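The structure appears below as structure tokens.
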Amino acid sequence: MNDVNKETDRVDQVCYDNISGKGKEIVHDEEGHCSEDSFNRSGDEDSDDGTYVGLSSSSDTEESVFDDFEGREVNVDPLSDNEEDWLGRGSDDEPMQEPNVLQETQAAATRPHFFVCMTFEDKEEVKRAIDKYAVTRGVSLKVVRSDKRTYQVVCEEGCPFSLYLSTYGLSIGWQVKSLVYDHKCACVYKNQRASTMWLAQHFRQRVQEAPNFKSKDMKNEVQRELKVCASLHKCKRAKKMIMEAMEGSFMDEFSKIEAYCNELKLSNPGSDVHVEVSEEALEQGRRVFKRMYLCFNAAKVGWRQGCRPLIGVDETFLKGKARGIMLTAMGIDGNDSVYPLALALVEKENAHHWAWFLQWLRHSLDLGNGETVTLISDMQKGLANAVGDVLPEAEHRFCARHIYANWSKKWRGNELKKKFFTCAWSSYPQEFKDNLSALGSLKKEAAEDVVSYNVNAWVRAYFTPRCKSWMVDNNISESFNASIDECRFLPVIRMIDGIRLKMMAKWAESEANVSGWHTEFSPKCMDLFECNKFLSVDCKVHFNGDEGYEVVEGQDRHLVYLSTGMCTCRAWDLTGIPCQHAICAMYHAKVDPKSRISQYYHKETYLATYRTKLLLVRGKNFWDTENFLPMLPPPLANLLGRPPKKRRRTDEATRRRKISKVGPHASGPSGSAPPNNIEQIVVERLTRRGKSHKCTHCNQPGHNKATCKEPSIGNDHHNTRTGRKQSSHQPRAPQQEQQAPDPLHSQPSQQPPDPTQAT
């Protein structure tokens, strides 16, 4: 105790620079003034009493130190040619690279360190700093003294490191009073300072920005970057602490969502932003969030000026603490890229919310009754009825991939899958009928089942040419949902703001990408045009002298009318890009085929799509939160059944197990892992589901040999399938049931006489 008091009362305090090895000695006099004396630790030697001995015993000042250096004469022998060549070369005859002193210094400066006179706000900050220092440096520190005014930690036994802090004066705060910075201990892999609390503080910002950050990745990063052992269970507890602390942010952001939406209206004039409160909760005196709609003015203007009239609608669920459903509407630009239009947050997916979303979408994009627009969706429940009520004249397509997912539950196989999509990609009715007949030749019932779905909604042959797109899937919506996957974990304001930032970056990047176009049309358009141009070489054209052309391609013959822009294959009508038949006819008529490409793919149209930019939004400090009352998050909707742990795989290709374990022939000695120079063998296994099995004994379906009830003839019989003799299989005879004894005809059992009765 006396040693500690002496340590705290001493007036000479020394601060050593832990990076370059140089430092300054700070000497405090009795009046509190301090002076600095420079010294170099690299040339000092320790005396017996632990004090530093300088370079020269007579050197008390900097001038005297330099005099000592100047007074010495240094003799340097010239280097030989071999020595110069050796110094200029590395171990492998390569020029030696000078060490980057700046990078090493910056890396050392970022490490946590202590120095005398360093101050902290409170004791908790002291503990956090010590934990960070111990984990980063890989040392094991233990507390030897901790009370209201003092705090001291030391290293392992035999290590001179010691750190002593205490409160200073009457002010609130802690200060480093003494420090022995040297370590003579080995690096510790299992560090007790890497506690659950420390892990939660270290990864808090990381998890808040990406809540899907896995505990397994946290464990691997701690072991790789910090060289500290942390169990998976400890990492899970740390992430749980972070997620529980984030619950307050979920509640707080719902209370500020109206102020955020008001800021969006002020910063982006013309945007449609609408927030609704639950009427039932309002009657009970509570303000509970019900639903929200958002469509930026830049998206509205760009869609009207340059996008094709095709809208993909879809839903995706939120993954954060506040659960719900996000309804999205996506467009497609001239380069077949996703063009975000609008989104909405609702409690659950039903026909009522879909109708509300489509009404706002009709208002934002001026769709009228839908006579000029095409919608494509994934057959969501209630959406078809909502489209018929809100947009009765709109063309409504269904995603062919989702139809196949439902159809393949009964009809599986790669050949059936190929025939299905061949039917979906048929561009004219006769081609669809031929492909359907080919499907029926494989499975007649499968062909009858596939036409039970409305062919006008998923077959190209029955699409209208109003949107100039022959898409049969809703990949634009699926791509957008995948791009915002990390945002779906965040609270509501940060989620919407993250989507806004992604849209703002897309607007800027898309306009900059036009400089890389080699023609006046988009790259995706030119890819299809060049493909059709290559196929036109095999076509032959016959002109009737008026305006019609007969184009022969193999055994097919199509009619082309250049005045109306029509071909009987309907590829030109559906895409707005001349097909191979139209290109062949244009070459015959001395017309440039590029002049007949739709203006939706032109560079100027593409630039008009992204010309109106999303404007900047100010931070929380500028929001008008005083004029909006706080709002509660919506209640969680309890779904029926047990919550699924894994997603349901509907596609046949993903349902089957394609990749099996590596066989023993590909492994090393005694079943070890294969060497690096041997490629692992990937085996595809065909599923046996859906096949009928027969008994090898009686050759009848429905059972196997073990449960066969047919008696065998003779001791041995010959298996016709394998050609081997098998022992006879005699089914065990059923045991006879023991009947209960008849009390009338059964003889009485002998019993001992009763002594109480007289004979």
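The first residue in the sequence is number 1, and the count goes up from there. Remember, it's a predicted structure, so these values are computed and weren't measured experimentally. All values below come from the heavy atoms of this structure, side chains included, with hydrogens, waters and symmetry mates left out.
Here the two rings, on His396 and Phe398, have centers that are under 6.0 Å apart. Taking the six-membered ring wherever Trp is involved, the centroid distance between the rings of Phe421 and Tyr404 falls below 6.0 Å. Aromatic pair Trp458/Phe463: centroids not less than 6.0 angstrom apart. Residues Phe521 and Tyr601 place their aromatic rings such that the two centres sit no closer than 6.0 Å. In summary, the aromatic rings of Tyr610 and Tyr339 are positioned with their centroids under 6.0 Å apart.
Checking side-chain atoms of Lys443 against main-chain N and O of Glu448 turns up no donor-acceptor pair under 3.5 Å. No donor-acceptor pair under 3.5 Å is formed between the side chain of Arg611 and the backbone N or O of Glu511. At least one donor-acceptor pair closer than 3.5 Å links the side chain of Arg466 to the backbone N or O of Val373. Checked by atom type and distance alone, the side chain of Arg500 never pairs as donor or acceptor with a backbone atom of Met495 at under 3.5 Å. Lys290 places no side-chain N or O within 3.5 Å of a backbone atom of Pro634 that could act as its donor or acceptor partner. Under a 3.5 Å cut-off, the side chain of Arg412 and the backbone N or O of Lys409 do form a donor-acceptor pair. For Lys319 (side chain) and Phe317 (main-chain N/O), no donor-acceptor pair under 3.5 Å exists by modelled atom type. Judged purely by atom type and a 3.5 angstrom limit, Ser595 has no side-chain atom pairing as donor or acceptor with the backbone of Val591. One N or O on the side chain of Asn454 and one on the backbone of Asn456 form a donor-acceptor pair closer than 3.5 Å. A donor-acceptor pair under 3.5 Å links the side-chain atoms of Asp333 to the main chain of Asp336, judged by distance alone.
Annotation for Lys603: atom NZ counts as buried by contact number, over 12 foreign heavy atoms lying within 6.0 Å. Heavy atoms of other residues, nucleotides or ligands lying less than 6.0 angstrom from CZ of Arg488 number more than 12. For CZ of Arg557, the number of neighbouring non-hydrogen atoms (other residues, nucleotides, ligands) closer than 6.0 Å is 12 at most. Atom CZ of Phe534 sits in a sparse spot, with 12 or fewer heavy atoms from other residues, nucleotides or ligands closer than 6.0 Å.
The closest side-chain heavy-atom distance from Asn335 to Pro523 is below 4.5 Å. A 4.5 Å side-chain heavy-atom check between Leu574 and Lys468 finds every atom pair outside the cut-off. Side-chain contact check for Tyr462 versus Phe432: some heavy-atom pair is nearer than 4.5 Å. Between Asp473 and His402 there is no side-chain heavy-atom pair separated by less than 4.5 Å. Annotation: side chain of Leu345 is in contact with side chain of Phe289 (closest heavy-atom distance under 4.5 Å). Considering only heavy atoms from C-beta on, Tyr428 stays 4.5 Å or farther from Thr568 through its side chain. Two residues are said to be in side-chain contact when any heavy atoms from C-beta on lie closer than 4.5 Å; Tyr293 and Ser364 meet this criterion.
For His581 and Glu553, the side-chain atoms include at least one donor-acceptor pair closer than 3.5 Å. Donor-acceptor pairing under 3.5 Å is lacking for the side chains of Tyr600 and Ser469. Side-chain atoms of Asn435 and Thr422 form no donor-acceptor pair, as typed in the model, at a separation below 3.5 Å. Gln380 and Asp314 are linked by a side-chain donor-acceptor pair at a separation below 3.5 angstrom, with hydrogens and angles left out of the test.
Note on Glu445 versus Lys410: no salt bridge recorded, every NZ/NE/NH1/NH2 to OD/OE distance being 4.0 Å or above. Ion pairing of Lys300 with Asp272 is present here, as a side-chain N (NZ or NE/NH1/NH2) and a carboxylate O approach within less than 4.0 Å. Here Glu395 pairs with Arg397 in a salt bridge; the nearest charged N to carboxylate O distance falls below 4.0 Å. Arg494 and Glu253 are joined by a salt bridge, as a carboxylate oxygen and a charged side-chain nitrogen come within less than 4.0 angstrom of each other.
Between Trp411 and Trp407, the ring planes lie tilted relative to each other; the angle falls in the 30° to 60° range.
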